There are 2 protein chains.
Amino acid sequence: MEKYLKVLRNCSLFRNIEESHLTKMLTCLGAKVESFDKKYTIIAEGNPAKYIGIMLSGSAQIIRMDYFGNRNIVSGIEVSETFCEAFACAEVKAVPVTIVATEPCEIMLIDCSHILHTCSNNCGFHQQLIFNLMKDLATKNIMFHQKIEITSKRSTREKLLSYLTFQAKKAGSNVFDIPFDRQELADYLEVDRSGLSAEISKLRAEGIIECRKNRFEILY
Amino acid sequence: MEKYLKVLRNCSLFRNIEESHLTKMLTCLGAKVESFDKKYTIIAEGNPAKYIGIMLSGSAQIIRMDYFGNRNIVSGIEVSETFCEAFACAEVKAVPVTIVATEPCEIMLIDCSHILHTCSNNCGFHQQLIFNLMKDLATKNIMFHQKIEITSKRSTREKLLSYLTFQAKKAGSNVFDIPFDRQELADYLEVDRSGLSAEISKLRAEGIIECRKNRFEILY
DNA sequence: CTCCGTTTGTTGAAAATTCAACAGACTTAT
DNA sequence: ATAAGTCTGTTGAATTTTCAACAAACGGAG
């Protein structure tokens, strides 16, 4: 576990928990680590929602397929971020989404019931973990509000500009990389890929944005 | 406060808290009650995100206006439900949505910092409240997943059927009332009102649904 | 370096959504 | 009961998105 400590220190779930206690605590929680190759399914829709996931290395996406094969990308998952905690905490029977690796990755899985219910060892970390979970869930909630703000726009152009503005703000710069290729961005914005490409071209021609691959710049 | 106890008992925030303790606790938390007439703004976008709201009577909606006056309805708020807890818990500076009364209503406001940080009286309820908040935020998270599942559909027909199916499941019956008029439903589904009306008519003509005002039936 | 598979941009046609306008049904207030 | 105002369904035209197909650009493997 030692080699993951640097990542775990940045994980919202372990905020205000001393690094020296972390290893012991992970043992107590029964944390386990698994590896996946690119494109592999980490958690499949319908799986029991027992585990909180933490991305240790690599990246993944939260996706949902509808019955006609249309992919919707709910969100990307980067190193040190958590996933599936809402399903585990709300104690739903099955996960309604699929988690797919976009790079080779390692993830940590923690059985949520070990966090929610005091363990026999009485480690005393539970209160802090529950507080951290609460904060994390609140932050995820706000992320959904932002996603809805973006995707509730009625046109491809507005969705795209809205998304790029958010990314620029997040990066603190008018030049920034996005974690999606064109098809993925279309599936995130809930629009047609070719229409999205056309819209990007139009915005370039109008001098509003510039882009090369995944690097965008907002010119205004 | 006594007259609100029946409502508060059903509020997820106070689960597993003895009713006999509730009144004292509300005093300790500095809970206050406010009333609003239909159509009034309960919390305006940009307000500081200090308070957790609880709907005591009546109903409201969480809405967001974009810069061209398009209304997006994020969610309805019914009696005993909480609202704005995510913004308060995540300690963002300003609320990014507007809460508008859809009926005359009474709401309870609790300063979130009183829940998050132990008070001088050491009431001891904080741990349970934080646990309840965590559960509540997880549930809200799942609600967002459902809303995204609905609105990520590409056509008006699919959004509508997806929404109605969810409502039927929630009501546990193929006949159910929805909390929106046509314009509100359109703003919730992120589609055009006249297109929505046309789609409802088509589904009736095809014998797939039946409806009279806000009461729908799925025939299948 | 070349080949092969994937990603991206472009196009035009088909389909769907949006928009504006209106008439009838329904509600509310007087 | 009447009148004024709101909500709903319908229409057709304008706009936008989707879809399918293809070629150019790109990237990785051998």
Side-chain angles (χ1 to χ4, degrees), chain A residues 37-39 61 66 68-73 100-104 150-164 177-206 208-216, chain B residues 37-39 61 66 68-73 100-104 150-164 177-206 208-216:
Chain A
D37 276 339
K38 189 172 173 170
K39 295 195 180 179
Q61 288 173 347
D66 70 18
F68 257 109
N70 293 313
R71 175 176 67 170
N72 175 234
I73 298 178
V100 177
T102 46
E103 301 175 276
I150 292 168
T151 58
S152 70
K153 298 278 195 303
R154 293 301 220 285
S155 68
T156 299
R157 164 181 281 243
E158 278 195 292
K159 289 184 188 186
L160 175 58
L161 283 175
S162 186
Y163 173 75
L164 293 176
D177 292 326
I178 67 170
F180 298 131
D181 64 27
R182 295 292 186 272
Q183 182 63 62
E184 290 169 335
L185 181 55
D187 290 341
Y188 179 84
L189 298 179
E190 300 163 8
V191 298
D192 179 69
R193 181 196 62 77
S194 70
L196 173 63
S197 268
E199 204 58 55
I200 290 173
S201 299
K202 227 190 280 180
L203 286 168
R204 287 166 89 161
E206 294 174 27
I208 295 174
I209 67 171
E210 196 43 76
C211 83
R212 176 178 164 67
K213 286 198 54 191
N214 293 11
R215 170 154 298 184
F216 283 75
Chain B
D37 276 339
K38 187 171 174 172
K39 296 196 180 177
Q61 290 173 346
D66 70 15
F68 255 108
N70 293 314
R71 175 176 68 169
N72 176 234
I73 297 179
V100 177
T102 46
E103 300 175 276
I150 292 168
T151 58
S152 70
K153 298 278 194 303
R154 293 299 220 285
S155 68
T156 299
R157 164 181 281 242
E158 277 195 293
K159 289 183 188 186
L160 175 59
L161 283 175
S162 186
Y163 173 75
L164 293 176
D177 292 325
I178 67 170
F180 298 132
D181 64 27
R182 295 292 185 273
Q183 181 64 62
E184 290 169 337
L185 181 56
D187 291 342
Y188 179 84
L189 298 179
E190 301 163 7
V191 298
D192 179 68
R193 180 197 62 79
S194 70
L196 173 63
S197 268
E199 204 59 53
I200 290 174
S201 299
K202 227 189 278 180
L203 286 168
R204 287 167 90 162
E206 295 174 27
I208 296 174
I209 67 171
E210 196 42 76
C211 83
R212 174 177 164 69
K213 284 198 56 188
N214 292 11
R215 169 154 299 182
F216 283 74

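Just so it is clear: chains get the letters A, B, ... in the order the sequence lines come, proteins before strands, and each one is counted from 1. Only a predicted model underlies this, so the values are computations on that prediction, with no experimental measurement involved.
In this structure, of dT10(C), dT11(D), dT17(D), it is dT11(D) that holds the atom nearest to the side chain of S194(B). Comparing dT8(D), dT16(D), dG9(C) by their nearest atom to the side chain of R193(A) picks out dG9(C). Listed candidates were dT8(C), dT17(D), dG9(D). Nearest to the side chain of R182(A) is dT8(C). Considering only side-chain atoms of N214(A), the nucleotide from dC7(D), dT8(C), dG9(D) that sits closest is dT8(C).
Within the 4.0 angstrom heavy-atom criterion, only backbone atoms of the sugar-phosphate kind lie near S201(B); the bases stay farther away. The residue S155(B) sits close only to the backbone: its heavy atoms come under 4.0 Å of sugar-phosphate atoms, none of a base.
Nearest-nucleotide assignment on DNA chain D puts the 5′-proximal partner with D192(A), out of D192(A) and K213(A). Projected onto DNA chain D by closest heavy-atom contact, R212(A) and R154(A) fall at different nucleotides, the more 5' of which corresponds to R154(A).
The CG atom of D187(B) sits 16 Å away from the P atom of dT17(C) (whole-angstrom rounding). A straight line from CZ of R215(A) to C1' of dT8(C) spans 19 Å, rounded to a whole angstrom. Note: CD1 (I200(B)) to P (dT8(D)) measures 9 Å, nearest angstrom.
Ion pairing of E199(B) with R157(B) is present here, as a side-chain N (NZ or NE/NH1/NH2) and a carboxylate O approach within less than 4.0 Å.
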Requested in this report: Start with the C-alpha distance between R154(A) and E190(B), add both sets of side-chain angles, then the distance that settles salt bridge (Lys or Arg N to Asp or Glu O under 4.0 Å), and finish with yes or no.
Outcome: CA-CA 7 Å; R154(A) 293 301 220 285; E190(B) 301 163 7; over 6 Å; no

Query - Audit row: I178(B), Y163(B), side-chain contact (heavy atoms from CB on, under 4.5 Å) steps and yes/no - result: CA-CA 10 Å; I178(B) 67 170; Y163(B) 173 75; 3.9 Å; yes

Report task. Apply side-chain contact (heavy atoms from CB on, under 4.5 Å) to the pair F216(A) and D177(A), showing each step before the final yes or no. Result -> CA-CA 6 Å; F216(A) 283 75; D177(A) 292 326; over 6 Å; no

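Contact check, S197(A) against dT8(C): no side-chain N or O comes under 4.0 Å of OP1 or OP2.
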